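Here's the structure we're looking at; comments come further down.
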Amino acid sequence: MSSFNVKNDMNWRDLLIRLALVVGTAIIIVWLMPRNNYATFKIEQGKPWTYTDLSAPFDFPIYKSEEAVKAERDSIMQQYEPYFFFNSEVAGKEIRQFYKDYNNGIPGLSDDYLSIIANRLRGLYAQGIMNSSEYNRLRQDTTRMIRVISGKDASNRAITKVYSVVSAYEQLFVDEALAKHKDILQKCNLNDYITPNLTYDKERSEASLNELQNSIPLATGIVQRGQKIIDRGEIVDKKKYNILMSYQKETKRHEENKQGISLTILGQALFVFIMICCFTTYLTMFRKDYFEKPRSIAMVYTLILFFVVLTSLMVGHSILHVYLLPYAMVPIIIRVFMDSRTAFTAHMVMLLICASILQHPLEFLAVETVAGFAAIFSLRELSSRSQLFWTAVIVTAGTILTNISFDWIRNNDLSMIDISENNYLIINGVLLFCSYPLLYLIEKTFGFTSNITLIELSDMNKTLLRKMSEVAPGTFQHSIQVGNLAAEIANKIGAKSQLVRTGALYHDIGKIVNPIYFTENQSGVNPHSKMGAIDSAQMIISHVTEGIKLAEKYNLPDVIKDFISTHHGHGKTKYFYVQYKNAHPNDEIDELLFTYPGPNPFTKEQAILMMADTVEAASRSLPDYTEKSIRELVNKLIDAQVAEGYFKECPITFRDIAYAKTVLIEKLKTIYHTRLSYPELKK
């Protein structure tokens, strides 16, 4: 009853952890997703409409093009009359000042000239004098009219009928009476008495300009709800272009005018929750062992989250294209460190969430799905760096061909096909070359071990392996032989052959500390003959603990350390155990003194190594190598391991064990060259 409660509590705990994982991931994604879900199209005049048939979801006006509106505004500006305030006091003030300055007359001229000049100044001021900069700007158009405000009256006046300060001064000498005395009058500085009396009225002028501009209709018609706008493949002419641009503009305006929490956020939250929940359900049903490895779960969900966030950020930048993101990195990384089905499922979940952010997801889904398939198929087993190069090439070729196929579907004219997206896909392929350094980074961050790392560790020139070949040559040969046997079994039952081969090379690495105490390294002298059974057992057992120490010293991955600690499990050093028990039949024996520290194998690969190690070592002691003796040895040793419960904690089946026996028997027969006994010739 108590065991049931514990199991039930564990189930509830696991359920809550996974629910928190789903909810937490969904919240982060939705929080960072863009909210502008209005339609955005790449509209090109003169080219086919590449999207689906489009109908109006609401009434909207057909706006004029910017060029048309500008032309109308330029035309209406000819009717625009800026307002100027006429200051009637300026003329009297300046003329009085003139009389005051020349009350004694102008040297060289009669007194009549004072009246003549004053009259000419009055005439100029009556016409109006304005600032030279404003006058020059308006004078460019000789047909331009202005509105002159004098008191409560307003009158139209041609710009050619008013003066600037400079032109008013020049106008003084147009008069014949003054022109002939120009040299004398120029010394009088008459320009000092010419001051603008027309002041620009900014408020009235801008109000008049706005009124004129607002009188220009911005729309030429209206599209009613449900009306067909354009069909797929139809050429976007000038009229259709204006309608599509108007639709996009109105859609954006409607979206921006929304207030409060819209259905968009709720829809995003629901969709993302469903996707992450489906993926978590897949892992729960088919890959539940990953939940026992938090680093695996952390890596997968981090990758999905990372690329969805990048897509959200990319959508907000018009100069960046979503095809620049190397989405195929996700299945590559997951395939290398986990398995193909999980890689494809995670890739599709990520793509579906990213597609919900984009406005036109069909082509995106097709192109990136092909990228994922190509990446997974080309990395069935990563065994060299060159595979990543060819993976990038295959992914790039696949995505470009898929994109081209959509172009051919939409267009029947090669000259109208836009190849710019293919350039983004080529850059995407170049970015995939970053997968190799990224794999190394993920290995260090999450504690994984890739096949490339395993292959590098299998290099016989590695310090530990070279030292073992020199110090313990018998153990070195034994390890190579065990690796070959274990790899054959792994290939037969679908386990990781490279992993088990590398683990086999290092499983006995602890023997290099005291190599002479192990039979395969002895040459006639056996130091155990002078030792007690307990001491001998402890010396044999120490190769496991010494191996762990060496693995830590040389920074071997944890997965290799696990092979070192599990290849004997909780087994006993039976030779010395039986020897001690026979010598002390009546004594109580502390069995821990003869027991390896373990643990027992907890992966299929560790179980394979235990079987191969035990059988290979024992096969050396066979008196003769016949098919019968080999078969009996293999069956006896492996059946004993099963009976003693060494494989209870690892996911290996009886079918796998049967295949392992078959492989071991056939390989040992080949190694020891068993032959049929030839019959003797009767005399």
Side-chain angles (χ1 to χ4, degrees), residues 34 39-54 230-236 244 248 303-304 306-308 310-333 335 343-344 346-379 388-435:
T40 55
F41 304 101
K42 184 180 180 181
I43 306 171
E44 297 179 278
Q45 191 171 333
K47 292 194 175 183
W49 179 250
T50 58
Y51 307 102
T52 57
D53 297 352
L54 183 62
I230 194 169
D231 293 321
R232 179 169 184 154
E234 185 178 348
I235 300 298
V236 181
L244 289 168
Q248 192 156 278
L303 285 173
I304 294 174
F306 180 72
F307 276 90
V308 172
L310 282 183
T311 304
S312 299
L313 297 175
M314 190 76 78
V315 169
H317 295 275
S318 58
I319 61 173
L320 299 177
H321 198 286
V322 73
Y323 281 161
L324 288 172
L325 292 178
Y327 293 97
M329 273 190 182
V330 173
I332 287 175
I333 293 170
R335 172 64 190 88
F344 180 71
H347 185 58
M348 291 309 301
V349 167
M350 176 193 66
L351 291 184
L352 288 169
I353 296 175
C354 291
S356 70
I357 300 172
L358 307 174
Q359 292 297 333
H360 314 291
L362 176 60
E363 292 87 347
F364 168 79
L365 280 175
V367 169
E368 296 301 338
T369 299
V370 169
F373 270 122
I376 294 171
F377 291 159
S378 62
L379 289 175
L388 290 172
F389 169 80
W390 288 112
T391 296
V393 172
I394 293 170
V395 168
T396 303
T399 53
I400 290 176
L401 288 175
T402 306
N403 193 54
I404 289 174
S405 69
F406 275 99
D407 288 334
W408 289 354
I409 290 171
R410 300 188 197 113
N411 303 298
N412 198 31
D413 186 355
L414 290 177
S415 63
M416 302 182 69
I417 293 178
D418 183 10
I419 63 171
S420 61
E421 288 187 345
N422 294 333
N423 296 331
Y424 296 125
L425 293 173
I426 292 173
I427 296 174
N428 186 310
V430 173
L431 291 176
L432 282 179
F433 289 119
C434 298
S435 297

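Bear in mind that the values here come from a model prediction, so they are computed numbers and not experimental data.
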(Q) Is there a side-chain contact (heavy atoms from CB on, under 4.5 Å) between Leu303 and Ile333? Walk through the geometry before answering. (A) CA-CA 9 Å; Leu303 285 173; Ile333 293 170; 3.9 Å; yes
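Here the rule is side chain to side chain contact (heavy atoms under 4.5 Å, CB included) with Leu432, and of Ile332, Val393, Thr391 only Ile332 fits it. Of the residues listed (Asn422, Ile427, Asn423, Asn403), the one engaging Tyr323 in a side chain to side chain contact (heavy atoms under 4.5 Å, CB included) is Asn403, and it is the only one.
What you find for Thr396 and Leu425 is that their closest heavy atoms are CG2-O, 3.9 Å. The two residues Arg335 and Leu379 have their closest heavy-atom pair at NE-O, 3.2 Å. Here the shortest heavy-atom pairing between His347 and Pro331 reads ND1-CD, 3.4 Å. Contact between Thr369 and Leu351 at its shortest, heavy atoms only, is N-CD1, 3.7 Å. Counting all heavy atoms, side chain and backbone alike, Val395 lies closest to Ala328 at CG1-CB, 4.0 Å. The shortest non-hydrogen separation linking Leu324 to Met314 is CB-CE, 4.4 Å.
Looking only at side-chain heavy atoms (C-beta outward), Ile357 and Val308 come within less than 4.5 Å of each other. Residues Ile230 and Leu244 meet the side-chain proximity criterion, which asks for heavy atoms closer than 4.5 Å.
Between Phe364 and Tyr327, the ring planes lie perpendicular to each other; the angle is over 60°, past the 30° to 60° tilted range.
Atoms SG and CG, on Cys434 and Leu388 in that order, are 11.0 Å from each other to the nearest 0.5 Å.
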